[in-house]
**Student:** 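Sending over a structure as structure tokens; questions will come in a sec.
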Amino acid sequence: MSERPELAAAFSPAELEAPLYQKWLAAGYFTANPHSAKPPFTIVIPPPNVTGLLHIGHALDHTLQDILIRMKRMKGFEVLWLPGMDHAGIATQNVVEKQLAIQGLSRHDLGREAFVEKVWEWKHESGGAILAQMKRLGDSVDWSRERFTMDEGLSESVLTIFKRLYDAGLIYRAERIINWCTRCLTALSDIEVEHQDDAGEFVQVTYGKGDMQITVATTRPETMLGDGAVAVHPDDPRYAHMIGKEVLLPLVNRMIPIIADELVDPEFGTGAVKVTAAHDPNDFEMGMRHNIPFIIIMDEHGVMRGTGTEFDGMDRFDARVAVVAKLKEMGRVPSEKRPYIHSVGHCSRCDTTLEPRLSKQWFVKVGPLAKAAGDAVRDGRVKIEPAELEPRYFEWVDNMHDWCISRQLWWGHRIPVYYGADGDIVVCGPGEEPPAGYVQDPDVLDTWFSSALWPFSTLGWPAETDELKKFYPTSVLVTGYDILFFWVARMMLFGLFAMDGVQPFQTIALHGLVRDRFGKKMSKSRGNTVDPIEFMDKYGSDALRFTLARGANPGSDQALAEEWIAGARNFATKLWNASRFALMNGATIDGPLPAMDSLDDVNKWILTRFNETLVEADQLLEKYEFSKAMELIYHFAWDDLCDWYLELSKAAFAAGGEPAARSARVLGYILDNLLRLMHPVMPFITEALWCNLTGQETLVTAQWPTPILSHNDDGSKINIAKIQEIITEIRRFRSDQGVKGSAKILARFSNLGALSEYEAAIRHIVRCDSDVTETGNFASKIDVGSVVIEFDLSGAIDVKAERDRLKKDIVQAEKDRATAKVKLENEGFMAKAPLDVVTEIRERLAQTTSSIERLRAALEQLPVE
RNA sequence: GGGUGGUUAGCUCAGUGGUAGAGCGCCUCGUUUACACCGAGGAUGUCGGGGGUUCGAAACCCUCACCGCCCACCA
């Protein structure tokens with residue numbers, strides 16, 4: 001065995017992490033197992049949002065993914081990850097828009113080409129920054145594979161799928177209402193709209209004359225000039241007789257029909273709604289349903305045009321005032337409410353109130369695609385973990401509206417549609433050129449359109465590459481449930497379509513969001529956001545990773561507080577110190593593990609417990625139950641290993657000789673394998689400790705531990721449990737009696753039976769000497785099961801404390817006995833409860849009864865106060 | 001309005017039919033040769049309310065209340 005460098009006395013993550021990461025990168029460990037015989041493990045890695053900063057949500061995402069990747073690599077799988085940067089994310093261009101806004105500019109001042117250039121610059125800058133931050137986290141994704149950018153390869157797949165969908169009749173063009181900024185003179189995507197509660201007005205206006213009169217309510221009276229109808233609910237008795245007839249539209253003096261539509265809420269306003277099909281999204285839908293004319297009454301600046309009234313040429317807000325004034329004059333305003341607070345869309349850049357505007361957009365017809373996406377989950381080809389989130393998926397996928405894919409933005413995949421002078425339309429696939437003179441659609445595709453291609457585009461599709469054959473469908477997608485609808489469902493739609501019905505992934509593992517310590521959503525305005533980098537600086541990446549993994553219950557959110565991370569750091573320190581202790585005492589992996597029958601119960605027990613922990617934690621990790629797996633590992637390492645095994649072994653180590661050597665070998669085995677088990681979660685500290693213990697180069701490429709069945713020994717578990725009980729009771733006695741921790745007291749053990757060989761170890765832990773001269777005054781005693789322990793406190797017994805302790809125990813035992821007795825006296829219980837439960841309760845009754853007897857006897861023996 | 005998750009210790013959360021748990025926090029004691037980022041001991045809950053099923057309910061059913069999220073809507 002080679003000389004090992006001594007572990008530093010203090011654990012310092014800051015000194016550890018960066019050099020280790022450099023070591024891994026330089027040695028190329030992250031690309032292990034390229035020719036594994038096992039089926040490949042392919043994981044889809046969602047992009048970190050390119051805003052230049054690692055968000056705590058991404059830290060969670062990447063921690064969980066990295067745990068799986070590292071574990072699978074150790075298990076010998078060929079691991080392929082499909083990473084990508086935020087290629088066309090709106091966030092990226094929003095950052096640039098905001099940078100421009102600070103200078104008082106908009107993208108229109110730059111022009112399309114210069115703007116796109118600027119976004120690219122930012123993408124590379126921020127992308128580099130965020131990758132560096134993910135390395136800090138220990139992220140073992142090989143980002144050099146990243147090729148999911150707007151390069152040739154992806155463009156080709158976007159063009160291919162667009163054309164295929166178009167040819168299949170699944171992409172169409174239709175008119176729709178979009179948000180229009182009258183100042184920027186541009187359409188805005190939904191994400192560029194900021195909703196604010198504005199103080200508007202709610203005005204009732206009476207239409208019609210004579211006995212055909214109907215009163216509508218509106219927040220936008222000026223649009224009445226473009227009304228095409230009045231709508232009421234079909235079942236509204238107040239208006240039933242008017243449906244199908246016509247009323248006079250005031251000011252413009254046009255007759256408009258009264259229609260019936262389910263969309264109208266009879267409870268709201270007057271129960272009658274004016275329908276301005278060209279200037280309101282809902283009215284537009286009703287207009288489509290009832291064939292109402294789309295009358296445009298405003299130009300792109302928001303100025304009234306073409307109404308043929310005196311209001312033409314007025315700004316929309318001036319017109320609102322004027323129209324109401326005029327209607328009032330005519331006695332047509334029975335009621336008005338002002339201010340009326342309601343939500344109104346504003347331009348995110350210039351704050352101008354947005355105007356709904358009719359325009360032509362491109363859509364994906366989702367019906368057949370969504371049906372397939374739902375069925376893939378329904379028939380079990382795709383598993384959603386946890387299954388509780390399936391209803392949410394179905395709810396969405398089964399009721400999906402057609403998907404508007406055109407965006408009035410400049411950075412993204414431009415829609416491959418070309419228009420001829422005569423209105424002719426040509427869709428160009430890869431390598432195809434439009435006829436001369438044709439002009440390309442100015443809009444770009446929704447970011448999710450290209451993101452949906454991820455699982456196969458990254459494998460070379462549309463080319464039939466070897467990688468595509470080997471790695472599609474992918475094994476798992478790990479992501480937050482918040483993008484189940486946006487991204488996951490869309491990958492399902494396109495994956496199934498493009499890959500002839502083969503699903504994009506076998507499992508969708510969903511985690512929740514990171515929230516603040518009180519479970520509140522993190523937001524900048526609330527000021528409760530946290531910076532993962534800051535926590536890594538302070539407590540180490542391992543601590544952050546462990547905390548995030550420990551909080552990750554499938555599908556549910558997790559609260560995060562600095563103290564939780566400090567706790568994880570404490571755990572890391574504990575491991576460090578335990579390893580130091582182990583190494584000081586000669587823990588080793590050299591030589592064969594001693595045969596089970598040569599080991600004492602302490603060693604058998606820790607081997608058994610490790611087996612149990614390993615088997616369970618492994619199963620949990622395979623089920624994406626990170627939190628439960630962490631809990632198991634944590635308690636094994638801290639409670640079983642540090643608090644009990646190491647303490648119980650100290651006597652043996654101190655004694656030296658063969659028993660010490662056997663324990664040192666067992667301890668070496670446990671540490672070796674525990675560190676392997678923990679590597680995926682805490683890669684840095686485990687690497688440092690494991691390399692020191694084993695003298696090997698790296699833990700990254702080491703094998704995942706396997707349970708050794710012959711190590712299981714139930715008898716040792718029973719005996720150690722008894723020893724733990726004895727020790728706990730003695731400690732409690734000492735504590736109640738106020739005996740100093742360092743003070744040694746005299747004690748006599750009787751009836752230890754099979755446990756007598758552990759008497760020395762027990763005495764060592766609880767600092768009890770035996771009375772070699774047999775002259776002690778063993779005045780107080782405690783019983784633990786059949787074992788009796790008598791103490792000589794030299795008469796200085798705290799009788800009151802002793803009394804209190806016994807009384808408390810009696811109360812508890814009596815309570816337990818009473819519950820057991822009630823059950824056993826219950827005929828129904830005896831008749832119907834399963835036998836093992838009845839037996840258990842019987843044992844409890846016997847046990848509590850005898851403890852009560854012993855406790856009472858002990859109480860009586862105490863001197864009276 | 002539709003869908004969906006939740007309500008368990010001071011806080012954050014596990015716990016799907018058989019004596020209520022963890023982490024952090026709290027109280028007491030203690031530097032005994034791995035560790036004070038520690039050790040030992042301790043306290044703390046009519047498991048949201050009400051009904052029901054069951055021998056037995058934190059868990060299953062019904063109902064009410066409150067909190068959250070997604071979607072739609074707000075004329």
Side-chain angles (χ1 to χ4, degrees), chain A residues 7 9-11 202 216-220 223 231 263-265 268-270 272-276 280-283 286 342-343 388-389 391-392 394-396 399 401 481-482 484-485 512-513 515-521 539 543 547 550-551 553 555-561 563-564 566-585 627-628 631 634-635 642-643 646-647 650 654 727-728 731-736 738-744 764-767 812 815-816 819-820 822-823 826-834 836-838 840-841 844 848:
Chain A
L7 284 176
F11 165 55
F202 194 48
V216 299
T218 179
T219 55
R220 301 205 53 196
T223 63
L263 199 68
V264 180
D265 176 5
F268 192 86
T270 61
V273 188
K274 59 193 276 310
V275 181
T276 320
D280 181 279
N282 291 316
D283 293 5
M286 283 198 276
H342 63 138
S343 176
E388 288 85 61
L389 287 173
R392 282 170 91 135
F394 291 134
E395 161 68 15
W396 192 76
N399 303 306
H401 299 303
Y481 65 76
D482 53 328
L484 181 62
F485 307 136
L513 312 175
R515 318 187 76 112
D516 76 3
R517 70 174 62 201
F518 301 114
K520 291 273 173 278
K521 197 171 178 171
Y539 302 106
T547 309
R550 191 181 194 175
N553 279 303
S556 48
D557 294 348
Q558 63 168 296
L560 185 75
E563 292 92 312
W564 295 200
R569 187 270 323 262
N570 295 353
F571 179 48
T573 308
K574 188 75 180 173
L575 266 184
W576 184 270
N577 287 317
S579 299
R580 271 180 64 226
F581 174 78
L583 292 166
M584 280 178 196
N585 285 284
S627 177
K628 292 187 178 70
E631 202 68 18
Y634 180 91
H635 286 291
C642 294
D643 286 349
L646 292 184
E647 293 302 328
K650 276 179 180 173
I727 290 170
T728 305
R731 281 170 171 168
R732 202 174 139 223
F733 174 82
R734 289 180 59 123
S735 176
D736 289 346
V739 178
K740 279 184 80 176
S742 52
K744 290 203 168 186
H764 190 266
I765 288 182
V766 295
R767 306 186 74 73
Q812 186 57 50
K815 219 169 110 188
D816 290 349
T819 16
V822 166
K823 284 203 173 193
N826 182 334
E827 282 176 32
F829 175 78
M830 295 305 285
K832 295 189 179 176
D836 56 330
V837 175
V838 175
E840 196 190 314
I841 305 284
R844 199 184 301 155
T848 49

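A, B, ... follow the sequence lines: proteins, then strands. Residue 1 opens every chain.
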**Student:** Return whichever of A:A559 or A:G828 has its heavy-atom-nearest nucleotide of RNA chain B closer to the 5' end.
**Tutor:**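 Mapping each residue to its closest nucleotide by heavy atoms, the 5'-most match is A:A559.
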**Student:** Is a donor-acceptor pair below 3.5 Å formed from side chain A:E647 to base B:A34, judging by atom type as modelled?
**Tutor:**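 Such a pair exists between side chain and base.
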**Student:** Roughly how many Å apart are B:G56 and B:G18, using the C1' atom of each and rounding to a whole number?
**Tutor:**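 To the nearest whole Å, 7 Å.
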**Student:** For A:F518, report the nucleic acid contact type (base, sugar-phosphate, nothing); a contact means any heavy atom under 4.0 Å.
**Tutor:**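 Sugar-phosphate: the residue A:F518, judged by heavy atoms under 4.0 Å, touches backbone atoms but no base.
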**Student:** Roughly how many Å is it from CH2 in A:W396 to C1' in B:G2, rounded to a whole number?
**Tutor:**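 Spelled out: CH2 on A:W396 to C1' on B:G2 is 16 Å.
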**Student:** Contact class for A:V216 (heavy atom, under 4.0 Å): base, sugar-phosphate, or nothing?
**Tutor:**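 Result for A:V216 = nothing.
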**Student:** Could you tell me whether the side chain of A:R517 and the main chain of A:A559 form a donor-acceptor pair under 3.5 Å?
**Tutor:**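 Side chain of A:R517 to backbone of A:A559, a donor-acceptor pair under 3.5 Å: no, none is there.
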**Student:** Please measure how far the P atom in B:A59 lies from the corresponding atom in B:G1, and state the result in whole Å.
**Tutor:**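 The same atom, P, in both gives a distance of 28 Å.
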**Student:** Specify the separation, in whole Å, of atom CZ of A:R731 and atom P of B:U32.
**Tutor:**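 Distance check: A:R731 CZ to B:U32 P gives 16 Å.
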**Student:** Mind checking A:F485 for me? I need base, sugar-phosphate or nothing, with any heavy atom below 4.0 Å counting as a touch.
**Tutor:**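 Touches sugar-phosphate only.
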**Student:** Compare the minimum distances between each of B:U4, B:U32, B:U19 and the side chain of A:S742, then state the nucleotide with the smallest one.
**Tutor:**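 My answer, after comparing the listed nucleotides, is B:U32.
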**Student:** In terms of the nearest nucleotide of RNA chain B, which residue is placed more toward the 5' end: A:R569 or A:V837?
**Tutor:**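 Whichever sits nearer the 5' end wins; that is A:V837.
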**Student:** Below 4.0 angstrom, which residues in residues 575-582 of chain A have at least one non-hydrogen atom near RNA chain B?
**Tutor:**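 Close to the strand are A:N577, A:A578, A:R580, A:F581.
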**Student:** What contact category does A:R844 fall into here, base, sugar-phosphate, or nothing, at under 4.0 angstrom with non-hydrogen atoms?
**Tutor:**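 Base contact.
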**Student:** Rounded to whole Å, how long is the line connecting atom CD of A:E563 with atom P of B:A22?
**Tutor:**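 Distance check: A:E563 CD to B:A22 P gives 20 Å.
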**Student:** Looking at every non-hydrogen atom in both residues, tell me the closest pair between A:L646 and A:A578 and how far apart they are.
**Tutor:**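 Closest approach of A:L646 to A:A578, heavy atoms only: CD1-CB, 3.9 Å.
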**Student:** When rounded to the nearest Å, what value does the distance between P atoms of B:C73 and B:C61 take?
**Tutor:**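 It comes out at 33 Å once rounded to the nearest Å.
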**Student:** Is it the case that the side chain of A:N577 and the backbone of A:T573 share a donor-acceptor pair, with hydrogens and angles ignored and the cut-off at 3.5 Å?
**Tutor:**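 Here the side-chain-to-backbone pair exists.
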**Student:** Could you identify the nucleotide paired to B:C38, looking across every strand shown and requiring Watson-Crick or G-U wobble geometry with both distances under 3.5 Å?
**Tutor:**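 Result: B:G30.
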**Student:** What is the separation between atom NZ on A:K628 and atom C1' on B:G23, rounded to the nearest whole Å?
**Tutor:**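 Computing the A:K628:NZ to B:G23:C1' distance gives 15 Å.
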**Student:** Please pick, from B:A40, B:U4, B:G3, the nucleotide with the shortest atom-to-atom distance to any side-chain atom of A:P391.
**Tutor:**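 It is B:U4.
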**Student:** Looking for any heavy atom pair under 4.0 Å, which part of the strands does A:S627 touch: base, sugar-phosphate only, or nothing?
**Tutor:**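 No contact.
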**Student:** Select base, sugar-phosphate, or nothing to describe what A:T219 touches, counting heavy atoms under 4.0 Å on all strands.
**Tutor:**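 Sugar-phosphate, backbone atoms only, no base.
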**Student:** Can you check whether A:R767's main-chain N or O pairs, donor with acceptor, with A:R734's side chain at less than 3.5 Å?
**Tutor:**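 Side chain of A:R734 to backbone of A:R767, a donor-acceptor pair under 3.5 Å: yes, one is there.
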**Student:** For B:G5, give its Watson-Crick or G-U wobble partner with both distances under 3.5 Å, or none.
**Tutor:**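 Across all strands, the one nucleotide that pairs with B:G5 is B:C67.
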**Student:** If I pick the P atom on B:G17 and the same atom on B:A57, what distance separates them, to the nearest angstrom?
**Tutor:**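 Approximately 14 Å lies between the P atom of B:A57 and that of B:G17.
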**Student:** side-chain hydrogen bond (donor to acceptor under 3.5 Å, both in side chains), that's the test. Do A:T223 and A:K274 meet it? Break it down for me.
**Tutor:** CA-CA 9 Å; A:T223 63; A:K274 59 193 276 310; 2.6 Å; yes
**Student:** From the list B:G39, B:G41, B:A34, which nucleotide is the closest neighbour of the side chain of A:K650?
**Tutor:**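 The closest nucleotide is B:A34.
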**Student:** Taking any heavy-atom pair under 4.0 Å as a contact, classify A:N553: base, sugar-phosphate, or nothing.
**Tutor:**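 Here A:N553 touches the backbone only, sparing every base.
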**Student:** Look at the side chain of A:K574 and decide which nucleotide, out of B:G30, B:G39, B:G18, has an atom nearest to it.
**Tutor:**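 Nearest to the side-chain atoms of A:K574, counting from C-beta on, is B:G39.
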**Student:** Partner lookup for B:A72, please. Criteria are Watson-Crick or G-U wobble with both distances under 3.5 angstrom; report none if nothing qualifies.
**Tutor:**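 The answer is none; no pair meets the criterion.
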**Student:** Does B:U46 have a Watson-Crick or wobble partner in any strand here, with both distances under 3.5 angstrom, and which is it?
**Tutor:**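 Looking at the geometry, B:U46 pairs with no nucleotide.
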**Student:** Please state whether the phosphate of B:C67, meaning OP1 or OP2, lies under 4.0 angstrom from any side-chain nitrogen or oxygen of A:K520.
**Tutor:**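 So the side chain of A:K520 is outside the cut-off, no N or O lying under 4.0 Å from OP1 or OP2 of B:C67.
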**Student:** What contact category does A:T573 fall into here, base, sugar-phosphate, or nothing, at under 4.0 angstrom with non-hydrogen atoms?
**Tutor:**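 Counting heavy atoms under 4.0 Å across all strands, the contact made by A:T573 includes a base.
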**Student:** For the side chain of A:Y634, starting at C-beta, report the closest nucleotide among B:G23, B:A34, B:G30.
**Tutor:**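 Minimum distance to the A:Y634 side chain belongs to B:G23.
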**Student:** Could you tell me the separation between the CD atom of A:Q812 and the P atom of B:A43, rounded to a whole number of Å?
**Tutor:**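 Distance, rounded to whole Å: 9 Å.
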**Student:** Search all heavy atoms of A:R550 against all heavy atoms of A:S627 and return the closest pair with its distance.
**Tutor:**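 Nearest heavy atoms, A:R550 then A:S627: O-OG, 2.7 Å.
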**Student:** Over all strands shown, is A:T276 touching base, sugar-phosphate only, or nothing at heavy-atom distances under 4.0 angstrom?
**Tutor:**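 The residue A:T276 makes no contact with any strand.
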**Student:** If I take atom CH2 in residue A:W564 and atom C1' in nucleotide B:G25, what distance separates them, rounded to the nearest angstrom?
**Tutor:**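 Distance, rounded to whole Å: 8 Å.
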**Student:** In this structure, how many angstroms lie between the P atom of B:C71 and the CD atom of A:E395, rounded?
**Tutor:**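 Spelled out: CD on A:E395 to P on B:C71 is 11 Å.
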**Student:** Measure from the side chain of A:N570, starting at C-beta and using heavy atoms only, and say which of B:A40, B:C38, B:G18 lies closest.
**Tutor:**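 Nearest to the side-chain atoms of A:N570, counting from C-beta on, is B:C38.
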**Student:** Is any side-chain nitrogen or oxygen of A:S556 closer than 4.0 Å to OP1 or OP2 of B:A14?
**Tutor:**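 Answer yes for this pair, as a side-chain N or O of A:S556 is under 4.0 Å from OP1 or OP2.
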**Student:** Counting only Watson-Crick pairs (N1-N3 plus N6-O4 or O6-N4) and G-U wobbles (N1-O2, O6-N3), all under 3.5 Å, who is the partner of B:G25?
**Tutor:**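 The base-pairing partner of B:G25, which may sit in any strand shown, does not exist here.
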**Student:** Is any N or O donor-acceptor pair between the side chain of A:R517 and the base of B:U12 shorter than 3.5 Å?
**Tutor:**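 Such a pair does not exist between side chain and base.
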**Student:** For the side chain of A:E840, starting at C-beta, report the closest nucleotide among B:C70, B:G39, B:G18.
**Tutor:**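 Comparing B:C70, B:G39, B:G18 against the side chain of A:E840, the answer is B:G18.
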**Student:** Rounded to whole angstrom units, what separation is found between the CG atom of A:D643 and the C1' atom of B:C35?
**Tutor:**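 Taking atom C1' of B:C35 as the reference, CG of A:D643 is at 11 Å.
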**Student:** Counting heavy atoms from C-beta on, name the nucleotide in B:U31, B:U12, B:A22 closest to the side chain of A:K740.
**Tutor:**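 Per side-chain heavy atoms of A:K740, the pick is B:U31.
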**Student:** Do A:D557 and A:Y481 have side-chain atoms, one donor and one acceptor, less than 3.5 Å apart?
**Tutor:**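 Per modelled atom types, A:D557 and A:Y481 side chains form a pair under 3.5 Å.
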**Student:** Of the candidate nucleotides B:A22, B:U4, B:G18, which contains the atom at the shortest distance from the side chain of A:R392?
**Tutor:**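 Looking only at side-chain atoms, A:R392 lies closest to B:U4.
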**Student:** Counting any heavy atom closer than 4.0 Å, what does A:N826 reach on the DNA or RNA strands: base, sugar-phosphate only, or nothing?
**Tutor:**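 Touches sugar-phosphate only.
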**Student:** I'd like to know if the side chain of A:S735 and the backbone of A:R731 have a donor-acceptor N/O pair within less than 3.5 Å.
**Tutor:**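 No, the answer is negative, given that no donor and acceptor are paired below the 3.5 Å cut-off.
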